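Below is one structure, written out as structure tokens, with a few remarks after it.
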Amino acid sequence: MFKQIKVWLVLTTILSLLALGVACSKPATNEAGPEATSSTAGKAYTAKGDEGSVSGAISFNGAVPAPKKIDTSADPVCGTANPNLETEDTVVKDGKLANAFVYVKDGTTADGTKVGDYTFATPSDAALLDQKGCHYVPHVQGVQVNQKVKITNSDPTQHNVHPTPKSNPEWNQTQANGAAPIEKSFARAEVLIPVKCNQHPWMKSYIGVLKHPFFAVSGADGSFTIKGLPPGKYTIAAWHEKGGPNGTEKTMEVTVAANGTAKADFAFGEAAATASGNPGLKVMPALDIPMLGRH
Ligand SMILES: [Cu+2]
């Protein structure tokens with residue numbers, strides 16, 4: 001009888017020690033961080049010299065909403081610094097949409113590697129976000145994971161920078177006139193992080209954070225180019241801030257040949273449904289455009 005109890009004691013002691021061992025090892029592996037230290041996983045990407053690109057234009061179909069004048073009476077300094085401040089959510093010129101964020105959402109390179117399985121060097125240059133004339137410049141931009149974002153205040157008034165991410169930590173920080181730049185980075189991929197200003201409710205900017213460098217923002221003429229893409233098949237996504245609480249995103253499949261340029265044109269706006277109603281036609285020119293006559 002006594003012997004049996006002794007055996008049970010030894011057994012339970014061993015079992016609880018085992019359990020402790022398991023419990024202790026778990027947080028340790030979690031601390032390594034699945035995304036933040038992505039450089040330890042996957043294989044480091046190196047350019048081979050046969051990279052191609054994806055380029056296209058972002059159209060805006062239908063009636064273009066006129067930019068609205070912003071009431072800056074809450075801060076007279078803003079009214080003086082920028083008396084013609086207007087909304088920037090739909091910037092269209094000649095039917096082409098600016099500030100669309102275009103990026104590689106998914107894909108497989110010609111050698112069969114998923115683009116997400118590669119790791120990419122973090123750019124040493126900081127991305128810049130300025131507050132000038134009481135709006136954010138640029139309105140939309142992309143950065144890589146862990147890339148430094150340098151935020152400056154060029155205005156003779158105080159701002160309060162406030163990104164509202166879902167996957168990264170939220171923060172907000174006051175930045176007085178003449179204050180030192182705020183330097184931050186985002187450890188997790190997130191498309192896109194809205195940035196607001198607690199001081200001026202109209203101020204809005206968006207930062208797309210990706211693990212790779214394959215992204216671009218459409219310019220004033222609606223055009224974009226994603227460079228340095230290894231040959232392969234990709235899902236290209238174009239995002240615009242209007243059309244839903246998290247904006248609108250459209251995707252397209254393209255094939256990038258060695259040293260080739262694939263085309264990816266997108267359309268937003270009222271009549272966008274018509275354009276996306278025939279995706280087959282859209283994909284055709286995107287498949288392959290050989291570099292004919294370029295050599
Ligand atoms: Cu502000």
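Index from 1, following the sequence. Fair warning: this is a prediction, and the values are worked out from it, not measured in the lab.
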Open item on the list: With a 4.5 Å cut-off on side-chain heavy-atom distances among I, L, V, M, F, W and Y, is there a chain of contacts connecting L97 to V64?
Closed with: yes

Open item on the list: Please check: side-chain N/O of Q141 versus main-chain N/O of L128, any donor-acceptor pairing under 3.5 Å?
Closed with: yes

Task: Heavy-atom side-chain proximity of S59 to N61 below 4.5 angstrom - done: yes

Open item on the list: What's the separation between atom NE2 in H159 and atom CD in Q173, rounded to the nearest 0.5 Å?
Closed with: 14.0 Å

- [ ] State whether the side chain of E190 and the backbone N or O of K166 hold a donor-acceptor pair below 3.5 Å, judged by distance alone.
- [x] yes

Task: Separation of S167 OG from R188 CZ (nearest 0.5 Å) - done: 7.0 Å

- [ ] Please answer: with hydrophobic residues joined when any side-chain heavy atoms are less than 4.5 Å apart, are L129 and V191 in the same cluster?
- [x] no

Task: Under-4.0 Å salt bridge between E249 and K105 - done: yes

Open item on the list: Which residue is it: H200, Q158, Q199? I am looking for the one with a side chain to side chain donor-acceptor pair (under 3.5 Å) to D75.
Closed with: H200

- [ ] Check step by step if side-chain contact (heavy atoms from CB on, under 4.5 Å) holds for F60 and V91.
- [x] CA-CA 9 Å; F60 190 89; V91 179; over 6 Å; no

Open item on the list: Taking the side chain as everything from C-beta on, heavy atoms only, tell me whether T109 gets closer than 4.5 Å to Y234.
Closed with: yes

Open item on the list: Could you tell me if S185 and N146 have a donor-acceptor pair between their side chains, going purely by distance under 3.5 Å?
Closed with: no

Open item on the list: I want to check something: taking the side chain as every heavy atom from C-beta on, are Y45 and P213 in contact at a cut-off of under 4.5 Å?
Closed with: no

TODO: Please name the pair of heavy atoms, one in V254 and one in A264, separated by the smallest distance, quoted to 0.1 Å.
DONE: CG1-CB, 4.1 Å

Task: Check: D155 side chain, C134 main-chain N or O, donor-acceptor pair, under 3.5 Å - done: yes

- [ ] Check each of V137, T157, V161, T152 against Q131 using the side-chain contact (heavy atoms from CB on, under 4.5 Å) test, and report the only one that passes.
- [x] V161

Task: Aromatic ring pairing F120/H212, orientation class (parallel under 30°, perpendicular over 60°, tilted between) - done: perpendicular

Task: hydrophobic_cluster_shared for W202 and I151, side chain cutoff 4.5 Å - done: yes

TODO: Establish whether V149 and M203 are linked, either directly or via other cluster members, by ILVMFWY side-chain heavy-atom contacts under 4.5 Å.
DONE: yes

Task: Y136 versus N160, closest heavy-atom pair with distance - done: OH-O, 4.4 Å

Task: Backbone of H139 reached by a side-chain donor or acceptor of S205 within 3.5 Å - done: yes

Task: Flag, side chain of S223 to backbone of G219, donor-acceptor distance under 3.5 Å - done: no

Open item on the list: In the structure I gave you, are the side-chain heavy atoms of I193 and T164 within less than 4.5 Å of one another anywhere?
Closed with: no

Open item on the list: Is there a side-chain contact (heavy atoms from CB on, under 4.5 Å) between S154 and D130? Walk through the geometry before answering.
Closed with: CA-CA 7 Å; S154 301; D130 192 20; 2.8 Å; yes

Task: Within 45° cone and under 6.0 Å: K242 NZ/CZ vs F268 ring - done: no

- [ ] Specify the closest pair of heavy atoms between A267 and K250, including all atoms of both residues, with the distance to one decimal.
- [x] O-CE, 3.0 Å

Open item on the list: Are there over 12 heavy-atom neighbours, none belonging to K150, within less than 6.0 Å of that residue's NZ?
Closed with: no

Open item on the list: For E170 versus P163, what's the shortest heavy-atom pair and its separation?
Closed with: CG-O, 3.3 Å

- [ ] Establish whether Y103 and V115 are linked, either directly or via other cluster members, by ILVMFWY side-chain heavy-atom contacts under 4.5 Å.
- [x] no

Open item on the list: Distance alone, cut at 3.5 Å: any donor-acceptor contact between the side chains of K43 and T113?
Closed with: yes

Task: Test item: I207 and V195 side chains (from C-beta on) under 4.5 Å apart, heavy atoms - done: yes

- [ ] Output the distance between atom NZ (K227) and atom OG1 (T261), rounded to the nearest 0.5 Å.
- [x] 10.5 Å

- [ ] For H240 and N99, test the side chains for any donor-to-acceptor distance below 3.5 angstrom and give the result as yes or no.
- [x] no

Open item on the list: To the closest 0.5 Å, what do you measure between NZ (K196) and NE2 (H162)?
Closed with: 5.0 Å

Task: Side chains of Y206 and W239 in contact at under 4.5 Å (non-hydrogen atoms) - done: yes

Open item on the list: Could you report the tightest heavy-atom contact between G243 and T248, atom names first, then the distance?
Closed with: CA-OG1, 3.4 Å

Open item on the list: Tell me if a side-chain donor or acceptor on N153 pairs with a main-chain N or O of Q175 at a distance below 3.5 Å.
Closed with: yes

Task: Interatomic distance, K68 atom NZ to T87 atom OG1 [nearest 0.5 angstrom] - done: 5.5 Å

Task: Side-chain heavy-atom pair F101, F215 within 4.5 angstrom cut-off - done: yes

- [ ] Would you mind checking if K148 and E183 are paired as a salt bridge, meaning a charged N to carboxylate O distance below 4.0 Å?
- [x] yes

Task: Nearest heavy atoms of F224 and S218, plus distance in Å - done: CB-CA, 4.2 Å

Open item on the list: Nearest 0.5 angstrom please: N82 CG to T72 OG1, how far?
Closed with: 8.0 Å

TODO: Could you tell me whether the side chains of H135 and E88 share a donor-acceptor contact shorter than 3.5 Å?
DONE: yes

Task: Side chains of I236 and V102 in contact at under 4.5 Å (non-hydrogen atoms) - done: yes

- [ ] Would you please test K204 and D89 for salt bridge (charged side-chain N to carboxylate O under 4.0 Å, His left out) and show each step?
- [x] CA-CA 9 Å; K204 206 79 187 267; D89 50 56; over 6 Å; no

Open item on the list: Under a 3.5 Å distance rule, please check whether E241 uses its side chain to pair with a backbone N or O of N246 as donor and acceptor.
Closed with: no

Open item on the list: Can a side-chain donor-acceptor contact be found between E253 and T235 if the only test is distance below 3.5 angstrom?
Closed with: yes

